[in-house]
Peer 1: 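Structure incoming, see below.
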Amino acid sequence: LPIFADRSPQTLDIFLPAGGVDGAPVHIFFHGGYWKALSKSEFSFVAGPITDGGGIAVVVDYGLVPTITMTIEITSANFGRSMKNAENIG
């Protein structure tokens, strides 16, 4: 799910629990890599325990230095959008 149409690679992978999403907690995961390496694709494994426990897992990808600056990335890593729209997931 793209966060900003003009700013790929800022995307989200959303994993839903098998039992439905009504009242499910949302866990937002930002991958490691010190803003210089890796991507969300290497961390989808974190979703399994969350969805198995009835939660919604959101794994966030973001731009990496030096392509972006830290100020831009922190400002635009808008996980608030996930929270605002959490009730619409599913």
Peer 1: Hey, are the side chains of V59 and L12 touching, using non-hydrogen atoms and a 4.5 Å cut-off?
Peer 2: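 Heavy-atom side-chain distance check fails, nothing below 4.5 Å.
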Peer 1: Check whether V60 and I14 end up in the same hydrophobic cluster, where Ile, Leu, Val, Met, Phe, Trp and Tyr are linked by side-chain heavy atoms less than 4.5 Å apart.
Peer 2: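 Yes, one cluster joins them.
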Peer 1: Nearest 0.5 angstrom please: H27 NE2 to T51 OG1, how far?
Peer 2: 11.5 Å
Peer 1: If two hydrophobic side chains count as joined below 4.5 Å and joins carry through other members, does I50 share a cluster with I28?
Peer 2: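 No.
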Peer 1: Only counting residues at least two apart or in another chain, list the ones meeting ring-ring contact (aromatic ring centres under 6.0 Å, His included) with F15.
Peer 2: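 Applying ring-ring contact (aromatic ring centres under 6.0 Å, His included) to F15 gives none.
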Peer 1: Out of curiosity, does F45 fall in the hydrophobic cluster containing F29 (side-chain heavy atoms, cut-off under 4.5 Å, transitive links)?
Peer 2: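 As far as the 4.5 Å side-chain criterion goes, F45 and F29 are connected within one cluster.
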Peer 1: Which heavy atom of P17 sits nearest a heavy atom of G55, and at what distance?
Peer 2: CD-O, 3.3 Å
Peer 1: First locate atom CD1 of I56, then atom CG of L16, and finally report the distance between them rounded to the nearest 0.5 Å.
Peer 2: 6.0 Å
Peer 1: Just to verify, what does S44 make a side-chain hydrogen bond (donor to acceptor under 3.5 Å, both in side chains) with, not counting sequence neighbours?
Peer 2: none
